[in-house]
Peer 1: 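The structure is given below, and queries will be raised subsequently.
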Amino acid sequence: MRIVFLACSSWVSNPYLGGVSIAIVRDSGFALLDCGPKAPERIALCGLDPCSLDFVLVTHMHGDHVLGLPTLIMWRRFRCPSKTTVVVGAKPVIDSVRKLLELVGCPQHREVELVPISVGEETEIMGYRLTLFEARHSIYSTVVRLCVEGSCIAYSSDTAPCSAIAEASRGCSVLIHEASGTDPELMHRIGHSTPLDAIEAAAASGVKRLVLMHPGLEPISVPMRFSDLTIVVPHACYEISS
Ligand SMILES: [Zn+2]
């Protein structure tokens, strides 16, 4: 399994980053975890074939996670008309995706299949094993555990610290965790996490690799305990001064 970060920011952030979309790539195709506004163009820019998409998993309905979906569906409708675009997610999310596609005039005929899956139960789709857990966010959102080709990854999507992260990341090689800001009181109040929350979640679950994403207007800054050192995780076009 390869993980390609097509877009890794939040709704209001550096315009080059363009919301959230992560490709889980296997030999025969790839799945998308969320589909932010930049996702359709990034698929090809990052070396993937949009016609090889297996499915899109939408974690929740914030625009930075879903607003690329209508464009991706329309692109595939014309470029690979024999392929159905499969969209999966928890039932409340799939119900909202259906409304979104209706509102923006994106037809739902044979080219789109919306697949609600149960939260808390493992579901197999096209050889991927998916488990969703309810997150702690400002709207209904889900934490994802995905296993394919013998390895598992966990993806927090947007959430304040919650027990679902540990459940989702048990035995995983990688935890992809949001780190929206550094003020824990503010972040938790609006349903988000800090870099330190993400590090603690990674340490508790025993994953070997932690990916921090979803910064706001500021780059992700990782405060180190017992030290004045701060580690910054840069993203394209962000600037820091010395
Ligand atoms: Zn969100």
Side-chain angles (χ1 to χ4, degrees), residues 5-24 31-40 42 56-72 87-101 103-104 114 116-117 119 130-146 153-165 167-169 175-198 201 210-220 233 235:
F5 295 91
L6 306 181
C8 50
S9 67
S10 56
W11 205 336
V12 181
S13 63
N14 182 301
Y16 291 97
L17 298 178
V20 179
S21 192
I22 306 157
I24 308 299
L32 276 191
L33 302 182
D34 285 328
C35 192
K38 296 281 187 187
R42 294 283 169 82
V56 181
L57 187 155
V58 179
T59 61
H60 68 295
M61 290 305 293
H62 276 153
D64 50 338
H65 293 252
V66 73
L67 284 180
L69 184 61
T71 303
L72 179 59
V87 184
V88 306
K91 185 172 185 309
V93 175
I94 290 299
D95 289 344
S96 297
V97 166
R98 183 176 290 108
K99 288 179 190 160
L100 170 69
L101 297 181
L103 283 170
V104 299
L114 303 179
I117 61 176
V119 172
L130 288 169
T131 314
L132 301 180
F133 304 85
E134 189 164 343
R136 278 182 58 207
H137 194 36
S138 54
I139 62 171
Y140 182 87
S141 185
T142 46
V143 174
V144 180
R145 175 186 176 85
L146 181 151
I153 62 117
Y155 165 46
S156 71
S157 186
D158 290 358
T159 186
C162 64
S163 59
I165 304 290
E167 268 192 272
S169 53
L175 170 60
I176 303 164
H177 202 298
E178 68 128 301
S180 297
T182 54
D183 180 343
E185 192 279 325
L186 172 62
M187 288 299 112
H188 299 174
R189 181 157 42 85
I190 60 175
H192 283 291
S193 295
T194 68
L196 209 50
D197 293 328
L210 170 65
V211 177
L212 297 178
M213 57 187 290
H214 202 265
L217 289 170
E218 300 298 323
I220 292 173
V233 182
H235 294 269

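The shown structure was predicted, so the numbers you read here are calculated from the model rather than taken from an experiment. Indexing begins at 1, ligand by ligand and atom by atom, following the structure's order. Along the sequence shown, residues carry numbers from 1.
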Peer 1: Determine, stepwise, if the pair D158 / S141 fulfils side-chain hydrogen bond (donor to acceptor under 3.5 Å, both in side chains).
Peer 2: CA-CA 7 Å; D158 290 358; S141 185; over 6 Å; no
Peer 1: Indicate yes or no: does K99 engage D95 in a salt bridge with an N to O separation below 4.0 Å.
Peer 2: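 Result for this pair is no, no salt bridge flagged.
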Peer 1: Classify the angle between the aromatic ring planes of H192 and H137 as parallel (below 30°), tilted (30 to 60°) or perpendicular (above 60°).
Peer 2: perpendicular
Peer 1: Walk me through whether M213 and I22 qualify under side-chain contact (heavy atoms from CB on, under 4.5 Å).
Peer 2: CA-CA 11 Å; M213 57 187 290; I22 306 157; 3.8 Å; yes
Peer 1: Is it true that H65 and H214 have ring centroids separated by less than 6.0 Å?
Peer 2: yes
Peer 1: Can you check the number of protein N/O/S atoms within less than 2.8 Å of the Zn ion (ligand 1)?
Peer 2: 4
Peer 1: Could you measure the distance from the NZ atom of K38 to the OG atom of S21? Nearest 0.5 Å is fine.
Peer 2: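 One gets 13.0 Å once the value is rounded to the nearest 0.5 Å.
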